[in-house]
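One structure is given below, encoded as structure tokens.
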Amino acid sequence: MQDIIEQLEARRERARLGGGKQRIERQHEKGKLTARERVEALLDEGSFEEYDMFVEHQCADFGMQEQKIPGDGVITGQGTINGRLVYVFSKDFTVFGGSLSKAHAAKIVKVQQMAVRNGAPVIGIFDAGGARIQEGVDSLAGYADIFMENVLSSGVIPQISVIMGPCAGGDVYSPAMTDFIFMVKDTSYMYVTGPDVVKTVTNEDVSHESLGGASVHAKKSGVVDGAFENDIEALVQMRRIFDFLPLSNKERPPERPTFDLPDREEPSLDSLIPANPNSPYDMKELIEKVADEGDFFEISPDFGANIIVGFGRLEGSTVGFVANQPMTLAGVLDIDASRKAARFVRFCDCFNIPIVTFVDVPGFMPGTKQEYGGLIKHGAKLLFAYAEATVPKVTVITRKAYGGAYDVMSSKHLRGDVNYAWPTAEIAVMGAKGAVEIIFRKDLGDPEKIAEHTKMYEDNFANPYVAARKGYIDDVIRPHSTRKRVIKALRSLRNKDVKNPPKKHDNIPL
Ligand code: HXC
């Protein structure tokens, strides 16, 4: 018996070594953890239950029958993060460059299916060279099996991808279908085709970083939702975001005890809005002063920064914050901001997370660049997302809510449940200057008359009371009481029950 147990331990030891000591050292030299070290850092200590440690590939081409490594380049299993169940897979670059074989794919599909059956999120860690070239079409089939599970799981369990090394070819499309993608700066990159193929096809000279590094995807393309300094920071932040998320679409958002009182007032908010209506202020300050203990996990902070989205808690329970940011492009809605916020609103709606929206928006971004880029369709995504969302929606207009952007930003007309405005709100078709220049064009040569008209417009239209008189705003509230009022509104919406008409699925403008 002792022999048999020793044999098991020896087999386990062999599997734990992956591609061997030398390749592990090379991994460390690059500043990266190994696949196994990553899983251990992500999960609660001692909670990891590994599956399929002894799986090997079945390929007999290119001499592969002589090269079998137990586990076959991916570590899979389940564990807990702060006591809550999660399924994981972590690609092992030391084994055939983490490339995907049929057996490797089947291991991932197994945990994806278990996660859906048992109602728990999947976190995938990527560090891999794409399809296992020696396996040919079997590898492509394996990718498609994973993609299929990604799609079937979408909206059922949260799916998160963390890119911690190369992520090329087939490997990029699975992350692309998950809810959130995060990267590590400098050591990770993502692209469909690498620099060599780019050079051959388009004759462009690009480095891995300038083609698909974190600096590209977290800022320019918006493909990823955040970038971190190193593996450890990324994994610590994954534990943090995980705590905000429900395990599945059958659950309410998680609750955690908080010492932050629900009726806490923030007198400093009474002076947040500058006297000059065109001066910027930092909307993040409002979010942090309203959220429990100021704890806010921002999604995509460096992309479409004119809108802020992310998770916080109120009375201990997760909410999604969406807020225009006057510090960037005056908080205007453009293509990037609309896409970013629409996807976030839809995530919240899938997973029963109430949405709190802070509005200060001068409208949609004018110009050929935006129109040629399809602003109409992209702006419509956000409109569509808010309109279809049935989770509790609480809105506070702090300053500008002009034109179509007023409608879009969780207005009463799109089934906003409770809509508040600060006394500084200006709810109108447009700002005073633009409005006066159009409706009093004949007086444009007379500065005195224009000043008179502008004052009249500001007094009569650039305020919250016109909308409040019509019931489009439920109340005009004092800024310092925002946390208290939003919490009370959300409390009243805990049993909200609204359903959209039965349909196979909608047809959001993609
Ligand atoms: C088999 C692979 C591999 C692959 C890497 N390796 N990629 N083995 N299939 N796709 C192996 C290498 O042979 C090497 O083995 C080890 O992994 C480490 O690779 P290196 O090249 O030494 O590492 P590095 O210099 O860091 O470069 C990493 C890399 C590069 C940039 C990822 O390996 C690379 O370009 N690989 C090929 C990427 C690719 O074109 N994949 C196919 C994409 S097509 P040893 O034994 O020496 O350690 C695709 C289609 C799917 O994915 C589409 C589905 C929709």
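Indexing begins at 1, ligand by ligand and atom by atom, following the structure's order.
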Legend entry - Of all pairs that satisfy salt bridge (Lys or Arg N to Asp or Glu O under 4.0 Å), the ones with a partner from residues 106-129, not counting sequence neighbours: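 Listed once each, the pairs are K32-D127, R38-D127, D52-K110.
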
Legend entry - Pair listing, salt bridge (Lys or Arg N to Asp or Glu O under 4.0 Å) test, anchored in residues 152-172, at least two apart: K91-D171

Legend entry - Check: Y189 ring centroid to Y191 ring centroid under 6.0 Å: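 Yes; Y191 has its ring centre under 6.0 Å from that of Y189.
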
Inset, instruction - May I ask you to check whether H413 and Y406 place their ring centers less than 6.0 Å from one another? - result: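 Ring-ring flag for H413/Y406: true, centres closer than 6.0 Å.
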
Legend entry - Residues lining ligand 1 [heavy-atom distance under 4.0 Å, listed by chain and residue number]: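 Contacting ligand 1 under 4.0 Å are R23, K30, F93, F96, G97, S99, G129, G130, A131, R132, I133, Q134, L140, Y143, F147, P166, G169, G170, Y189.
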
Legend entry - Pairwise distance CD(E40) to CZ(F48) - rounded to 0.5 angstrom: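 CZ of F48 is found 8.0 Å from CD of E40.
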
Inset, instruction - Could you list the residues that satisfy salt bridge (Lys or Arg N to Asp or Glu O under 4.0 Å) with R415, not counting sequence neighbours? - result: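 Applying salt bridge (Lys or Arg N to Asp or Glu O under 4.0 Å) to R415 gives none.
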
